[in-house]
Each structure stands twice: as C-alpha cells, then as structure tokens.
Amino acid sequence: MKYNIALLKGDGIGPEIVDSAVRVLEVIGKKFGHEFNFTAYDIGGIAIDKHGKPLPEETVSGCLASDSVLLGAVGGPKWDTLPGNIRPEKALLGIREAMGLFTNLRPAKLYSALKDDCPLRSDIVENGFDIMIVRELTGGIYFGERGMREGKYGEEAYDTECYSRMEIERIARVAFETAKKRRCKLISIDKANVLESSRLWRKVVHEIAEQYPEVECTDMLVDNAAMQLVRNPAQFDVIVTSNMFGDILSDEASQITGSIGMLPSASLGEGKRGLYEPIHGSAPDIAGKGLANPIATILSAGMMLLYSFGLTAEHDCIVNAVDKVLEAGYRTADIAHGENSLSTTEITDKIIENI
Ligand code: NAD
C-alpha cells in the first residue's frame, strides 16, 4: 500500500525525533511492502520565522491532503515573548481544529525495563500498568462561552462547561471501540454528583454501553480517579473523559510512567486521518545535542500505522522492537540515570536492528 504522510517537524528537538521516526517507518515499509511518501511543512516557531505566522495555509492544506500527519513539537524561548495569538503553540489548536480532531488517545504504559523510573512505590506497580486515556478534545469548558462581567462581588470572570449529546456519543463510541481492542474494560470519568454536564455525560455513556455488552463499563468521579491513578493504576484499562478532566488526568498518568520521552499520542476525527505526536514539548535545553529520546515519536508513528492505516502487525513490530531495545538495557540520557547512554541516532539504529 501507498501512504502520504505530512511531517510537521517544528522546533527544538522536533526535527531530530521526527527524522528518527521517518527512518523507522522506511524500514517498516521495506519489511512489509508499503510505500510511505513524506512531505514536510513548517509549523510553530520556524513557521513564524519563515512565513510570519505559526500555521501557514500551505501547512493546513498539506495536512488535509495527506493520509496522516506526524508532528514533532513546537515552541521555544525565541518566541516566548510574542503575543498569544501568534505564538507557536497557537498552531497546535489551529491544526487540530482544521483537521476536525475531537479525540485524543494517550497511552500511559509502564515498561517493565523502566520500573525504577516510576515515582510510585514498587509494591504498587509490581505488575506494571497499561492505560489508554480517551480524552474529548474539542468541547467542554475550553471551548464554552466565557467572559468578564460585574457580579455580586464586583469584577468576575466565567467559563462554561457545555457538552452536547452528539459530542458525548461520538467520543463514547471511540472509547468503547478502543476498549474492545484491548482488555474490554472502560471507566468513564465525570463529576456527575455536582455538574449537570456530567450527568448528561453519564446518561449518554450508559446508553452507548448497551451497544457494547462485551465491554465492562463503570463510572468514576474525577476526584476519586485522581487518587486511584496513584493508588492502583493497574485497575485501569481504557478511560474516557471530558476535555479538561482528560487534560489533567493524562498528565498525571504520564508522570507515573516516569519517562516523558517515551509517551506517544494520537488525535483523531471522523475519518482515518489523524495527527500523531509525542506528549512532550520541544525540549530547547537539549535541542541539537543528540540527547533527545525519539521513542515517543517512534511510538506515535506506530500509532499512526494502527489507527489511521489499520496496519496492526506493522504497529506491533515497532512496539516489540522498542521493548527489546529497552530490555537489552539500551537507554537515551533521560532514562539512563548517569549510566552509559546512546544518542538519538544510536538508539534509533538499535530499534531498526530489532525490526
Ligand atoms: P518539554 O516537554 O519540552 O521539556 C521538559 C523536560 O523534559 C526538559 O528538561 C526536556 O529536556 C525533557 N524532555 C522532553 N522531551 C524529551 C525527550 N524526547 N528526550 C529527552 N528529554 C526530553 O517541556 P517545556 O520545557 O515545558 O517546554 C519547552 C517548549 O515546548 C515550550 O516552548 C513549550 O511551550 C513547548 N511545548 C510544546 C508542546 C507541543 O509541541 N505539543 C508540548 C509541551 C510544550
């Protein structure tokens, strides 16, 4: 098969880590008989420097014309003093909106080879954990009505949490489908004891659950979920939740894996095309030094193969290669703890050797 992939390398370590993922995809293409064509577009700080804006039209149209998009990261100190609407990070919201991406999938997995990186007590994580957070990405309080007004105590600001049945239904379906492909366990997280929007969320999730009898679906209040993630993370398989709760809980879940350079993500819409990126930023402190861990981006490319192209064996091949490299003790500096470490290119070579 032939696939056209748009590359948004961005800033800082973005170009280094995307180049690693491209090398891995090329080897996968050769092994499994696929042709991956790559076209690079500017985004973030580099786009501001070259085109005067963080998200040029050419980048948007290139992404919309592609089969899928792989993003590195954007931002850095050079652009930190610009006003909010032309900052590099603005491009992330813009490209998600332009591509109609309403689902964010963020796996948080503890690699057995990296158990010592987990900040939780060893008895809590002795069996590891492997969580998939399905976060609603384009609704809720981040997009609701907001403003300033005169209230009972003078000047006040407000933001509104609002969810439609349609928005809840479509994210719930993604979550149930995701759970079906994993351990068939879904926990829906809300604040239904207080919020009206959460009560609709819960009602609609229960309705959709009837169409998925093979998936065990339970509810959990968000405050309890925040505790349970650090008390017993292994109880979670798939989590589905709103935009803001997902934003906060997915950062908590990523932290308990102990390794920011390892975690991929996927943003998906109605069609097959998605936006795949590591969860970390552009790490300007280590850019250009060959120190960046490319594994999060390589695993993001793996998620693209699975979720956008339906290439399960090819995805599994990447995941297994990463597992083997870690089990063999190879590490980049961020997870080496002062032991011998490999550069970005060297660890990519090791992963390729294991494909
Ligand atoms: P960051 O994730 O870039 O870095 C945090 C720390 O983790 C740094 O010490 C960095 O060196 C390290 N780190 C991150 N990724 C790594 C990797 N792959 N390998 C090894 N070490 C890694 O977060 P930050 O420092 O808060 O932000 C830096 C810039 O990135 C800012 O401009 C911020 O706005 C931007 N940012 C972009 C995105 C994105 O593009 N999606 C996300 C978060 C932050």
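We're numbering straight along the sequence, starting at 1. Whatever order the structure lists ligands and atoms in, that order sets their numbers, starting from 1.
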Given the protein's heavy atoms, is any one of them under 4.0 Å from atom 27 (O) of ligand 1?
->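 It does not; no protein heavy atom is within 4.0 Å.
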Could any protein non-hydrogen atom be found less than 4.0 Å from atom 6 (C) of ligand 1?
-> no
Taking the six-membered ring of Y158 as reference, does the NZ or CZ atom of R146 fall below 6.0 Å from its centre and within a 45° cone about the axis?
-> no
Atoms of ligand 1 less than 4.0 Å from [X] heavy atoms?
X	result
A73	40 (O)
G75	32 (O)
A283	3 (O), 10 (C), 11 (O), 13 (N), 14 (C)
G76	32 (O)
G281	1 (P), 2 (O), 3 (O), 30 (O), 36 (N), 37 (C), 38 (C), 42 (C), 43 (C), 44 (C)
E277	41 (N)
A292	19 (N)

Considering only protein heavy atoms, which is closest to [atom], and at what distance to one decimal place?
atom	answer
atom 29 (C) of ligand 1	S282 OG, 3.2 Å
atom 25 (O) of ligand 1	P284 CD, 4.7 Å
atom 33 (C) of ligand 1	E89 OE2, 3.5 Å

Would one find more than 12 heavy atoms of other residues, nucleotides or ligands at under 6.0 Å from atom [atom1] of [X]?
X	atom1	value
K272	NZ	no
Q228	CD	yes
E155	CD	no
N340	CG	no
F129	CZ	yes
Q235	CD	yes

Which option, [options], owns the non-hydrogen atom nearest [atom]?
atom	options	value
atom 22 (C) of ligand 1	I286, N293, V74	I286
atom 11 (O) of ligand 1	L291, T297, D285	D285
atom 16 (C) of ligand 1	D334, I279, I13	I13

Are any non-hydrogen side-chain atoms of L114 and L326 less than 4.5 angstrom apart?
-> yes
Whether A296 lies under 4.0 Å from ligand 1, heavy atom =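 No, that is not the case, since the closest heavy atom of the residue is not under 4.0 Å from the ligand.
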Are any of the N or O atoms of [X] closer than 3.5 Å to those of ligand 1?
X	value
R87	no
L92	no
G72	no

Carefully, step by step, assess S254 and H280 under the rule side-chain contact (heavy atoms from CB on, under 4.5 Å).
-> CA-CA 10 Å; S254 70; H280 58 73; over 6 Å; no
Are M132 and I260 connected in a single hydrophobic cluster, I mean Ile/Leu/Val/Met/Phe/Trp/Tyr linked by side-chain heavy atoms less than 4.5 Å apart?
->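 Cluster IDs for I260 and M132 differ.
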Check the angle between the aromatic planes of W201 and Y163 and answer parallel, tilted or perpendicular using the 30° and 60° thresholds.
->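 Aromatic pair W201/Y163 classed perpendicular.
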Hey, can you tell me if H34 and F32 have their rings parallel, tilted or perpendicular (30° and 60° cut-offs)?
-> parallel
